[in-house]
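Worksheet: one structure, shown below.
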Amino acid sequence: MTVPIQCTPDETFVLNLGPQHPATHGVLRVKLTMDGEYVVKAEPVLGYIHRMHEKMAESGTFAQFMPNTPRMDYLSALSYNQGYVMAVERAAGIEVPERAEYIRTITVELNRISSHLLWFGAFVLDLGGFTPLLYAFDDREKILDLLERITGSRLTYCYYRFGGVYNDIDDEFIAGTREFIKRLRSRLPSMYHDLVTGNIILIKRLRDIGFVTQETCRKYGATGPVLRGSGVQYDVRKNEPYSVYPELDFDIPCYPEGDSMARYMVRMDEITQSLRIIEQALDKLPEGPVNAKVPKVLKPGAGDCYCAVEAARGTFGCRLVCDGGKNPYRLKLRSPTFSNLSLFGEVAEGMILADALAFMGSLDLVIPCIDR
Amino acid sequence: MSDYWSDVINGTRSLVIGMNITVRELFKPVITEQYPHFVPVMTPRFRGHIELIGNEETGLPNCVVCGMCQRACPSSCITVAGEKPEGSKKKVLTKYILDFTKCSLCGSCVESCNFNAIKFSHDYNLASTRKEDYIFDLVKRLEEQS
Ligand code: SF4
Ligand code: SF4
């Protein structure tokens, strides 16, 4: 005789998402308590890729920490590089030549576009569309080639130096960048917006799903496209301008809906804005040196300073405490992805599993950036 | 009901647009590099593992064994050793070992060298299953190259 399985209606089960899961794009583990297809509780478990970056900073010289910065967020490596370099420059009182600042702006915005393109491809892949990934990678490849020519690496760039950049850009890079701007501008409407943004499946999967309110953003410290997708027009480049951003004309895309579609639109518009920034920076690029005179062994005076930059995923902050020695006394790294992930648990409650994954994709998580 | 029909119309539109782009792309040239049939050429600034630069006249390493690169390396991958031959003032390099398993290709060593003694190689076909393949004896490498 078979006995029917007794099942109480409020029974839940635990589903492990990760640490090896294609939708988390890295070693993130999320403990999901499920009631059927619905998420009752979502608990991110971190630490699988913790590398003690902050401790490593304390045990080496200022320059020796430099190669660590791109390894935090490998997709927008240059922003992290810039954040750290700026903090040290502020601590040591180093003036950066103007040409170097322009080169930094051009390269960091190129990096932002490549980061958004990769996110675009991977996000649509999460939703089940494979082809757009290849089109996005085609364009991204062009950026990687451009940056490889001047920085020497393709992903974990370490291009900035205290007081300037590693080496100057050449005419070929400038011509290539201009050509790339033209190319991406011509491809954006058809290959990206017609094919994906207007696609009915994408709209149905993203619209009115994964609401993040301004209050939630404030509670968890979410920044970047997540915050701007909730209608808060906050961008470090405008609110606390650094480098040459005040001299350039660009807008901060902002959508008030707060759903996954809004975050998607913010990033797509940011690509357009970054193209504008690069174009203006190339036009204004002054002649001159690209490096300030900096002593080989840097010893900033005792003090405490903070520097924030707008990385592709939000505000990246560096708090540097110096005691007058050759090593940083303490370096606190504030990464945007950690705060952006923190709100996942609260917002994902009550969602269908497939929607929760789409929502997670719209947060644009980079796992090494969470763990540091 | 009107929602249903607008969905059908929008869905068909999305499909037509998608197929249009796919067909257009189908007749475009292949964009992927057909490795290993075609081998990419590295750009001049490409950062491979480091190698020693030989003196143009003598072919001997430019290195004066000052140890700056060893101290600059954040991952302690470099071991240099040298000795002073009798009657000579300068040290001569006898050993330059690079432990590539730890190297992050950051370039600190190249930047710290004041004697134009090391540079990045353009090798990238370095896959191996044995650790010993990544302990490079750069002095031997230079001898083989010349
Ligand atoms: S490239 Fe960087 S990690 Fe590699 S040997 Fe040179 S200093 Fe060390
Ligand atoms: S390679 Fe350059 S920095 Fe290193 S020991 Fe030789 S001379 Fe000194």
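Scope of the values below: all heavy atoms of this structure, side chains included, with no hydrogens, waters or symmetry mates. A note on names: the letters A, B, ... follow the listed sequences, proteins ahead of strands, and every chain is numbered from 1.
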Original post:
Nearest 0.5 Å, what's the CG-OG distance between A:N68 and B:S75?
Top reply: 8.0 Å
Original post:
What's the shortest heavy-atom distance between B:A72 and A:Q64, and which atoms?
Top reply: O-NE2, 3.0 Å
Original post:
Donor-acceptor pair, A:E148 side chain versus B:M42 backbone, under 3.5 Å?
Top reply: no
Original post:
Taking A:R154, A:M56, A:R71 one by one, which has the highest count of heavy-atom pairs under 4.5 Å against chain B?
Top reply: A:R71
Original post:
Considering only heavy atoms, which portion of B:I21 lies under 4.5 Å from any heavy atom of chain A: side chain, backbone, both, or neither?
Top reply: both
Subject >> Contact class of A:S190 relative to chain B, heavy atoms under 4.5 angstrom >> reply: both
**OP:** Could you tell me whether B:K28 atom NZ has more than 12 heavy atoms of other residues or ligands within 6.0 Å of it?
**Re:** yes
Original post:
With a 4.5 angstrom heavy-atom cut-off, which part of A:I203 approaches chain B: side chain, backbone, both or neither?
Top reply: neither
Original post:
With a 4.5 Å limit on heavy-atom distance, are the side chains of B:R45 and A:Y166 in contact?
Top reply: no
Original post:
Can you list every pair that meets ring-ring contact (aromatic ring centres under 6.0 Å, His included) and has a residue in residues 49-72 of chain A, with sequence neighbours left out?
Top reply: A:F65-A:Y84
Original post:
Which bit of A:Y135 comes within less than 4.5 Å of chain B, counting heavy atoms only: side chain, backbone, both or neither?
Top reply: side chain
Subject >> Atom group of A:R161 that falls short of 4.5 Å from chain B, counting heavy atoms >> reply: side chain
**OP:** Please flag which part of B:R13 lies under 4.5 Å from any non-hydrogen atom of chain A: side chain, backbone, both or neither.
**Re:** neither
**OP:** Might you confirm whether atom CD of A:E58 has over 12 heavy atoms from other residues, nucleotides or ligands at distances under 6.0 Å?
**Re:** yes
**OP:** Kindly give the heavy-atom pair with the smallest separation between B:S14 and A:N199, and that separation in Å.
**Re:** OG-CA, 3.6 Å
Original post:
Under 6.0 Å from the NZ atom of A:K299, do we count more than 12 heavy atoms belonging to anything else shown?
Top reply: no
Original post:
Any chance OH of A:Y329 has more than 12 other-residue heavy atoms, nucleotides or ligands included, within less than 6.0 Å?
Top reply: no
Original post:
Which bit of B:E111 is near chain A, if near means a heavy-atom gap under 4.5 Å: side chain, backbone, both or neither?
Top reply: both
Original post:
Counting only heavy atoms not in B:N125, do more than 12 sit closer than 6.0 Å to its CG atom?
Top reply: yes
Subject >> Engaged part of A:T61 at the chain B interface, taking heavy atoms whose separation is under 4.5 Å >> reply: neither
Subject >> Residues, nucleotides or ligands: over 12 heavy atoms within 6.0 Å of B:I53 CD1 >> reply: yes
Subject >> Distance (rounded to the nearest 0.5 Å) between B:L15 CG and A:I200 CD1 >> reply: 11.0 Å
Original post:
In terms of heavy-atom pairs under 4.5 Å with chain B, which of A:I201, A:N167, A:D138, A:T151 leads?
Top reply: A:N167
**OP:** Using non-hydrogen atoms and a 4.5 Å limit, figure out which bit of B:N20 sits close to chain A: side chain, backbone, both or neither.
**Re:** neither
Subject >> Approximate separation, where rounding is to 0.5 Å, of B:T32 OG1 and A:L134 CG >> reply: 9.5 Å
Original post:
So, for B:D7 and A:K204, which heavy atoms are closest and what is the spacing to 0.1 Å?
Top reply: OD2-NZ, 2.6 Å
**OP:** Name the option with the most non-hydrogen atom pairs under 4.5 Å to chain A; the candidates are B:G18, B:S108, B:S104, B:C106.
**Re:** B:S104
